[in-house]
Enquirer: 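One structure follows; several queries about it will come next.
Each ligand, and each atom within it, is numbered from 1 in the order the structure gives. The structure presented is a predicted model; accordingly, all values stated were derived computationally and were not measured.
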Amino acid sequence: MIEAFIFDLDGVITDTAKFHYLAWKELGLKIDIEIDEEFNESLKGISRMESLERILIKGNKQNEFTLKEKEDLANDKNKYYVELIKHISPKDILPGIENLLKEIKLNNIKIGLASASKNATMVLNNLGLNSYFDFIADAAKCKNSKPNPEIFIMAANGLDVDPLNSIGIEDAMAGIDAINSANMYSVGVGDKDSLNKANIVFENTQTIDFNQIVNSY
Ligand code: B16
Ligand code: MG
């Protein structure tokens, strides 16, 4: 019996990945490290500080900054990011997602959020989707980034459901690994080859089919 659907945010509910990318790129200019779209892919689902670490390693500058300086850099990136997401509105909900949320609710199944983003609540508010969610896991309390299952387990606990009876939806490889390690059923959104560890994959949010998930679960 399915008790819950637990969603990732960036790349599943809305496309904030492009804003994360622009904000990291802006920070990259400051520390002279170039970030391209391909590298940005590897940052999807990864926490802010861990993303910064990966960027510094890419630029071979991992030993150039103190912890305080790194925190300041991460804060700078977040300032750029928050500025960019201020203008998000319901028109930025990815196609098919609001209908899917409605269908899940109609079937009396709980809905949770397992985003690595500390800005997740603000984004959901701007999208006007808050009322669909029974629990939003707090990324600030999560010690281990995806692919660690911690944020998905946190969401299942907050919803008071068994992970084995939960469906996780993700667009990033690290996220699919997190769902699988949490012992949930994994739904991938995106490229079949790169998300090949997911139990089922849909090409995009528009094609996510509630009945197909329920029947294949
Ligand atoms: P913040 P998700 C993740 O969100 C993003 O994919 C990742 O690129 C970002 O670094 C992370 O959130 C942290 O976000 O800086 O806003 O706390 O995909 O897990 O919803
Ligand atoms: Mg994502």
Enquirer: Within a distance under 4.0 Å of any heavy atom of Lys146, pick out the atoms of ligand 1 and give their elements.
Expert: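 In order of number, 2 (P), 19 (O).
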Enquirer: Can you find a side-chain donor-acceptor pair between Asn180 and Ser186 that sits under 3.5 Å?
Expert: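 The answer is yes; a qualifying pair exists.
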Enquirer: Please work out, at 4.0 Å between heavy atoms, whether the side chain, the backbone, both, or neither of Ala116 comes within that distance of ligand 1.
Expert: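 Within the 4.0 Å criterion, Ala116 contacts ligand 1 through backbone and side-chain atoms alike.
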Enquirer: Find all atoms of ligand 1 within a distance of less than 4.0 Å from any non-hydrogen atom belonging to Ser51, and give their numbers and elements.
Expert: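 Close to Ser51: 10 (O).
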Enquirer: Which bit of Leu9 is near ligand 1, meaning a heavy atom under 4.0 Å away: side chain, backbone, both or neither?
Expert: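 Looking at Leu9 and ligand 1, atoms from backbone and side chain both fall under 4.0 Å.
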Enquirer: Which residue and atom name correspond to the protein heavy atom nearest atom 8 (O) of ligand 1, and how close is it?
Expert: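 So the nearest neighbour among protein heavy atoms is Leu43 O, 3.2 Å.
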Enquirer: Do side-chain atoms of Lys110 reach the backbone of Leu159 as a donor and acceptor pair under 3.5 angstrom?
Expert: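 Yes; at least one donor-acceptor contact below 3.5 Å.
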Enquirer: Give the atoms of ligand 1, by number and element, whose distance to some non-hydrogen atom of Ser115 is under 4.0 Å.
Expert: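 The list of qualifying atoms is 2 (P), 4 (O), 19 (O), 20 (O).
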Enquirer: Check whether any side-chain N or O of Asp92 sits under 3.5 Å from a backbone N or O of Ser89 as a donor-acceptor pair, and report yes or no.
Expert: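 Yes; at least one donor-acceptor contact below 3.5 Å.
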Enquirer: In Asp8, the N, O or S atom nearest to the Mg ion (ligand 2) is which?
Expert: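 Closest N, O or S atom of Asp8 to the Mg ion (ligand 2): OD2.
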Enquirer: Rounded to the nearest 0.5 Å, what separates atom CG in Asp160 from atom CG in Asp134?
Expert: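 Spacing of CG (Asp160) from CG (Asp134) equals 11.5 Å.
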Enquirer: Specify the protein heavy atom at minimum distance from atom 15 (O) of ligand 1: its residue, its atom name, and the distance to 0.1 Å.
Expert: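 Nearest protein contact, heavy atoms only, for atom 15 (O) of ligand 1 is Arg48 NE, 2.7 Å.
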Enquirer: Closer than 4.0 Å to some heavy atom of Asp8 - which atoms of ligand 1 meet that?
Expert: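 So the atoms of ligand 1 that pass are 2 (P), 18 (O), 19 (O), 20 (O).
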Enquirer: For Gly45, state whether at least one heavy atom is located under 4.0 Å from any atom of ligand 1.
Expert: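 Under 4.0 Å: yes for Gly45.
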Enquirer: Between Ser166 and Met184 (side chain of the first, backbone of the second, donor and acceptor by atom type, cut-off under 3.5 Å), is there such a pair?
Expert: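 No: the side chain of Ser166 does not pair with the backbone of Met184.
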Enquirer: Mind listing the closest non-hydrogen atom pair of Ser51 and Trp24 along with its distance?
Expert: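 That would be CB-CZ2, 3.4 Å.
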Enquirer: From atom 7 (C) of ligand 1, work out which of Ile13, Ile46, Asn78 has a heavy atom at the shortest distance.
Expert: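 Nearest option to atom 7 (C) of ligand 1, by heavy atoms: Ile46.
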Enquirer: Quick one: do Lys30 and Glu26 make a salt bridge, cutoff under 4.0 Å?
Expert: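 Salt bridge between Lys30 and Glu26, a charged N being under 4.0 Å from a carboxylate O: no.
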Enquirer: Name the closest protein heavy atom to atom 4 (O) of ligand 1, giving the residue it belongs to and the distance to 0.1 Å.
Expert: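 Protein heavy atom with the smallest distance to atom 4 (O) of ligand 1: Asp10 OD2, 2.8 Å.
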Enquirer: Distance-only, no hydrogens or angles: does the Lys58 side chain make a donor-acceptor pair with backbone N or O of Glu34 under 3.5 Å?
Expert: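 A pair under 3.5 Å: yes.
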Enquirer: Could you tell me whether ligand 1 has any atom less than 4.0 Å away from a heavy atom of Lys77?
Expert: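 Contact check Lys77 vs ligand 1: positive.
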Enquirer: Pull out every atom of ligand 1 sitting under 4.0 Å from any heavy atom of Asn119, numbered as shown with elements.
Expert: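 Answer for ligand 1: 1 (P), 16 (O).
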Enquirer: Measuring to the Mg ion (ligand 2), does Asp171 have an N/O/S atom at a distance below 2.8 Å?
Expert: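 It does: Asp171 brings an N, O or S atom closer than 2.8 Å to the Mg ion (ligand 2).
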Enquirer: Of all the heavy atoms in Ala139, does at least one lie under 4.0 Å from an atom in ligand 1?
Expert: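 Not so, Ala139 does not reach ligand 1.
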Enquirer: Which is it for Lys118 and ligand 1 at heavy atoms under 4.0 Å: side chain, backbone, both or neither?
Expert: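 Contact part for Lys118 vs ligand 1: both backbone and side chain.
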Enquirer: According to the interplanar angle, ranging from 0 to 90°, do the rings of His20 and Tyr81 count as parallel (below 30°), tilted (30 to 60°) or perpendicular (above 60°)?
Expert: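 Taking Tyr81 first and then His20, their aromatic rings lie parallel (interplane angle under 30°).
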Enquirer: Closer than 4.0 angstrom, basic N to acidic O: yes or no for Lys79 and Asp72?
Expert: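 No.
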Enquirer: I need the single residue from Ile93, Ile13, Leu127 that forms a side chain to side chain contact (heavy atoms under 4.5 Å, CB included) with Glu98. Which is it?
Expert: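 So the option named by the test is Ile93.
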